[in-house]
Every structure is written in structure tokens, then in C-alpha cells.
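Read the structure below first, then the notes.
Chain A is the first sequence line, chain B the second, and so forth, proteins listed ahead of strands; every chain is numbered from 1. Quantities reported herein were computed from a predicted structural model and do not represent experimental measurements.
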Amino acid sequence: MEDWMLQPPRGMNDWTPDKYYSLMSIARRFSTVAESFGYSAIETPALEHLEVLKAKAGEEVINEIYYLRDKAGRELGLRFDMTVPVARVLSYRRDFPRPIRLYYVSKVWRYDEPQFGRFREFYQFGVEHVGSPTVQSDAEVLALAVKALEAVNLPQLTVRVSDRRIMDQVLEKLGINAARDAVLRVLDKRGKVPDEELVRLLVKEGVEEGKAKYLVDLAGVNTPIGESIDELRRLGISDQLINYFESLSKTLTHYNVADRVRLDLSIVRGLDYYTGFVFELYTDRIKLAVGGGGRYDELLRIYSGEDVPAVGFAIGIERVMLALGELGDSQPPVDFYIYPMGPEQYGVGVRIAENLRGMGFRVVLDVGKPSLRSALEYASKIRARKFIIIGRREMENNVARVRDLETWSEEDVPLNRLLKQ
RNA sequence: GCCCCGGUAGUGUAGCCUGGUACAACACGCGGGCCUGUGGAGCCCGUAACCCGGGUUCAAAUCCCGGCCGGGGCCCCA
């Protein structure tokens with residue numbers, strides 16, 4: 001076999017136990033937080049009908065879909081997020097009482113060029129909160145995301161929130177006809193390219209220079225959510241929206257997460273389907289966002305035909321792991337390693353192993369290492385805590401020799417203690 | 001779509017700039033021995049590699065070209 005074939009496909013990872021346990025422990029903590037908010041787990045097929053995926057994806061995302069034709073000629077694609085499959089499921093399960101609270105820890109696939117923190121196959125933890133249009137829903141979802149990341153001790157977590165409606169209102173007020181998406185796209189570059197360059201790009205999109213400068217200034221807004229109201233008033237945002245942000249801020253304060261949240265009007269989040277509140281999750285450990293989300297009240301219509309309000313987020317678990325460094329959990333140790341000296345003692349070994357397993361211990365039974373020495377060495381390497389020797393001498397006295405691999409001490413333990421029910 | 005870097009035993013590295021001193025070194029791993037029921041340490045022995053194809057040269061892991069593969073940056077995103 002060629003060497004390159006032995007590596008996983010580009011952009012994908014082999015989750016060997018040494019790494020997989022940190023991933024699972026993070027996933028478990030996330031799930032625990034989601035369930036504490038009353039969210040239920042959902043999973044769907046990795047493959048979807050290509051048309052279902054295309055219906056939501058923008059032009060750029062379509063190019064990132066892994067697709068294939070099955071033996072019956074069906075065109076299928078691997079899901080690139082969980083929002084689409086969940087929307088599809090909800091479109092035929094109208095019986096779920098609303099609002100529907102779902103969470104997932106699932107693999108998704110995107111045919112991107114791999115880079116730091118960017119993979120072709122990766123895990124997302126996320127929630128979909130479907131059926132409620134209220135500010136309370138937005139706050140709940142944002143708070144859940146923050147609590148989840150706090151539960152894995154992600155350092156220096158900050159949330160940047162914005163709202164599609166703010167820019168929409170401003171654009172309308174200024175009478176700017178240029179394509180909204182194009183303008184948002186330019187403003188999204190703020191911080192990466194100089195402001196003067198942004199102005200120039202906006203002018204190129206057909207925006208007058210004065211208005212362009214105002215827009216760039218606007219995108220520069222970055223204040224703690226608690227102090228954002230005055231800022232929004234100054235910008236001439238409608239009372240309705242200001243009230244929204246006031247309640248959002250207040251509710252986040254009650255959740256005790258407001259101090260992590262900033263209003264940052266340069267946050268745009270893609271081009272596709274967000275209709276209101278949007279947010280991105282950052283840590284100072286890595287440059288990339290570890291997650292993001294927002295409200296998409298019109299997305300469900302694609303599948304169900306009716307507008308259903310919805311809000312959600314997704315967190316990239318590998319990115320969280322990168323940000324945490326080596327802090328994750330490792331493979332758990334083995335509690336007992338049982339070594340019968342010979343075939344005559346193997347039966348007793350099985351019975352002891354089964355009894356200890358029944359008590360909840362992790363037990364490895366030797367399957368025929370050549371010598372006691374090498375079995376001991378092996379047990380030490382797999383981080384076994386105790387090593388049980390059963391040989392002729394022990395059997396004659398109805399005991400087993402129990403060696404503590406951590407303290408290097410040894411004692412005889414009566415067999416009936418190891419075999420008691 | 002554009003740009004940069006890299007590819008040496010199973011793994012991680014050294015050597016490459018300044019071609020020959022190297023049947024390529026070190027660590028971990030793996031196999032065995034010292035050691036016949038136990039210090040899992042230590043020592044010894046063994047195992048196993050220069051991505052592929054051309055070129056330059058008396059001589060290439062080392063320089064040049066192409067390919068394949070990988071990593072990272074821009075863009076975009078989790």
C-alpha cells in the first residue's frame with residue numbers, strides 16, 4: 001500500500017484514543033449544558049439529497065459540498081452543517097410542540113482547503129431553537145453558548161453581537177440602493193483592511209463617499225452590550241430595535257453573561273440566511289471564531305412552506321480543542337489487570353474479571369503474554385492501577401496476589417473476596 | 001482562485017545552507033537477552049528510512065526541474 005494511502009484523506013483526522021477522549025469529554029460537557037436547558041439531542045444521516053442541501057447553500061457553499069451519485073442514480077451530498085437537516089426533519093414533523101429545543105454533536109463536511117483550525121470533516125456542537133421569535137429565545141441561545149464554553153474552561157471568552165436589522169435600517173435611511181450583501185461584505189472586512197480602503201470599496205459599489213464614511217464609522221462600533229443603547233440611539237435606530245437590545249442586554253445580565261458580550265456592528269456572519277440578531281464566539285487563544293450563530297426566521301420556509309422563527313448556533317469542537325491546548329482529558333486508566341499464570345488458572349481469572357466488571361471496574365484479562373515480566377510491563381504501559389497474579393501457589397492458599405502498580409506494594413487477597421457477589 | 005513552506009526507519013527529530021568524513025544519527029516504539037513466578041528501572045543486542053521521476057556531477061538525503069502528497073497564509077467559514 002502506498003504511504004499516502006495510510007494517511008486519512010486530506011483535511012480529516014483519525015481520532016485515536018489519545019485524542020478522542022478529549023474530544024468526547026468536551027462533547028459530553030457541552031451536551032450536559034444543553035440538556036440542563038431542556039434541549040434534546042438529535043442526529044440525522046450524514047447524507048442528504050443534494051437538492052435539499054443546495055436549497056439553502058449560497059453559491060460559495062455549494063462548491064464545498066461533497067457529493068456523489070448512489071447506485072440507484074440518486075444525487076446525494078454530505079451535510080455541511082446541521083441546520084439544514086434539522087430544518088428538513090422539522091418540516092415533516094409538525095407535531096413537535098413549539099418552541100422546539102434541539103442540540104447536536106455531529107460531524108459535518110466541507111470541501112475547503114484545509115488550514116489551521118479548518119478541516120474537511122469536523123465536529124459541531126450546536127442548538128436549534130425553533131418556533132419562537134422572542135428576544136428571550138435569542139438571549140437563551142446566546143447564554144447557552146457561553147455556558148457551554150465556560151463548562152470546558154475556554155479562556156478569555158468574548159461574544160460579539162450585531163443585528164442584521166441595524167444595517168438594513170441604516171441603509172434604507174441613507175437611501176442606499178447598492179446591493180445590501182455587497183455592502184455588508186465590504187464592512188465585514190473591517191479591521192483587516194484600512195478604513196480608507198473600505199470607503200473606496202463602498203464607493204465602488206455605488207455608495208456616495210459621505211455615506212460610505214458614515215457606514216465605516218458605524219461598523220467600527222464596538223461597545224459592551226450594557227452600554228450599547230446610547231450608541232444605537234445616536235445612530236438613529238428605531239425605538240423598536242432599541243427596545244430589543246435593551247431587553248437582550250437586561251436578560252443577558254440576568255444570565256450573568258453580559259460582561260462577556262459586546263455590540264460589534266462589523267459582525268456580519270456570512271451572506272446567507274440570517275435575518276436578525278447574529279453573534280460570534282471568540283477566545284484570545286486562537287484567531288478564528290470558535291463558533292457563531294443567530295436568528296434565521298425565513299430559512300424554514302424553504303422546506304416547510306411556512307415562515308417559522310428560529311435561532312441557533314454552532315461551535316467547532318476541534319477549534320475549542322485547539323484553543324484549550326493540551327488541557328483535555330486523556331484516556332482513562334484500567335483498574336485491574338488480571339494475570340493467570342497458566343491455563344489451569346484462567347477460569348478463575350475469568351470469574352474474578354467478570355465479578356469486578358460487574359462492580360463497575362475496568363478490567364483487562366491477560367490473554368497469554370509470554371511471561372509475568374512482560375505482562376507487568378504491558379500493564380504498566382496501559383496505565384493499569386492493580387495487577388492481580390493467580391498462580392499455583394495462590395490457588396493452593398485460596399488467594400490472589402494483588403500488586404499495586406502505583407505504590408509498588410503487594411498483598412495476598414482471599415479469592416472469596418474477589419469473587420463475592 | 002491566489003501565495004508561502006515542507007516530505008529522512010512505526011512515531012518525533014538531526015543531517016541538507018557549505019555535495020564526498022555516513023552501508024545516514026538520536027529518542028520513543030517494537031523483538032530478544034541479562035532474569036526459570038514479578039522493580040514495570042538499568043544495561044546489551046536486534047529491527048527499520050532519505051516520497052516518485054528526470055537532470056547536474058567523478059560523486060546527490062544534500063543542488064536544479066517536474067510530479068504526487070502534506071502543512072500554513074489570503075478569501076471564506078466552525
Start at the 5' end of RNA chain B and walk down; is the nucleotide closest to A/E113 or to A/G316 reached first?
A/E113
What interatomic distance, in whole Å, is found between [atom1] of [M] and the corresponding atom of [N]?
N     : M     : atom1 : answer
B/G29 : B/C69 : C1'   : 25 Å
B/G72 : B/G33 : P     : 43 Å
B/G46 : B/G7  : P     : 29 Å
B/U18 : B/C63 : C1'   : 12 Å
B/A60 : B/G54 : P     : 13 Å
B/U56 : B/C74 : C1'   : 37 Å
B/A49 : B/A9  : C1'   : 4 Å
B/C68 : B/C52 : C1'   : 7 Å

Short side-chain N/O contact to B/G73 OP1/OP2 from A/Q115, under 4.0 Å
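Looking at the OP1 and OP2 atoms of B/G73, one of them is under 4.0 Å from a side-chain N or O of A/Q115.
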Looking at B/G71, I'd like to know if its phosphate oxygens (OP1 or OP2) sit under 4.0 Å from a side-chain N or O belonging to A/R118.
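For B/G71, neither OP1 nor OP2 has a side-chain N or O of A/R118 closer than 4.0 Å.
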A/R110 (side chain) and B/C76 (base): donor-acceptor pair under 3.5 Å
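No such pair is found, so the answer is no.
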Send over the distance from [X] [atom1] to [N] [atom2], rounded to a whole Å.
X      : N     : atom1 : atom2 : answer
A/Y111 : B/G1  : OH    : C1'   : 14 Å
A/N63  : B/C77 : CG    : P     : 14 Å
A/F116 : B/C74 : CZ    : P     : 11 Å
A/R10  : B/G7  : CZ    : P     : 16 Å
A/Y339 : B/G37 : OH    : C1'   : 8 Å
A/F313 : B/A78 : CZ    : C1'   : 12 Å
A/F119 : B/G72 : CZ    : P     : 7 Å
A/M12  : B/C69 : CE    : P     : 15 Å

As an exercise, state the distance from OG1 of A/T275 to CZ of A/R164, rounded to the nearest 0.5 Å.
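So the OG1 of A/T275 and the CZ of A/R164 are separated by 8.5 Å.
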Got a list of protein N/O to nucleotides 38-42 of chain B N/O distances below 3.5 Å?
from: B/U38; atom 1: O2; to: A/R403; atom 2: NH1; distance (Å): 3.3
from: B/U38; atom 1: O2; to: A/E410; atom 2: OE2; distance (Å): 2.9
from: B/U38; atom 1: N3; to: A/E410; atom 2: OE1; distance (Å): 3.1
from: B/U38; atom 1: N3; to: A/E410; atom 2: OE2; distance (Å): 3.0
from: B/U38; atom 1: O4; to: A/E410; atom 2: OE1; distance (Å): 3.2
from: B/G40; atom 1: OP1; to: A/R373; atom 2: NH1; distance (Å): 2.6
from: B/G40; atom 1: O2'; to: A/S380; atom 2: OG; distance (Å): 3.2
from: B/G40; atom 1: O6; to: A/R403; atom 2: NE; distance (Å): 3.3
from: B/G40; atom 1: O6; to: A/R403; atom 2: NH2; distance (Å): 3.2
from: B/G40; atom 1: N1; to: A/L405; atom 2: O; distance (Å): 2.8
from: B/G40; atom 1: N2; to: A/L405; atom 2: O; distance (Å): 2.7
from: B/G40; atom 1: N3; to: A/S380; atom 2: OG; distance (Å): 3.4

What contact category does [X] fall into here, base, sugar-phosphate, or nothing, at under 4.0 angstrom with non-hydrogen atoms?
X      : result
A/G117 : base
A/I317 : nothing
A/K107 : nothing

Which base, if any, makes a Watson-Crick or G-U wobble pair with [N], both distances under 3.5 Å?
N     : value
B/C23 : none
B/G66 : B/C52
B/U57 : none
B/G1  : B/C74
B/C30 : B/G46
B/A41 : none

Hey, is A/F122 doing a stacking thing with B/A78, by the 5.5 Å centroid and 30° angle criteria?
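Yes; by the centre-distance and plane-angle rule, A/F122 counts as stacking on B/A78.
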Salt-bridge test for [X] and [Y]: reply yes if a basic N is under 4.0 Å from a carboxylate O, no otherwise.
X      : Y      : answer
A/R165 : A/D163 : yes
A/E377 : A/R373 : no
A/R79  : A/E64  : no

Side chains of [X] and [Y], donor plus acceptor under 3.5 Å:
X      : Y      : value
A/Y244 : A/D138 : yes
A/S304 : A/S91  : no
A/Y66  : A/E121 : no

Does A/R160 make a cation-pi contact with A/Y282 (under 6.0 Å, within 45 degrees of the axis)?
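A/R160 over A/Y282 ring: yes.
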Between A/Y337 and A/Y339, is a ring pair (Phe, Tyr, Trp, His ring centres under 6.0 Å) present by the stated rule, with each step listed?
CA-CA 7 Å; A/Y337 190 99; A/Y339 183 81; 7.3 Å; no
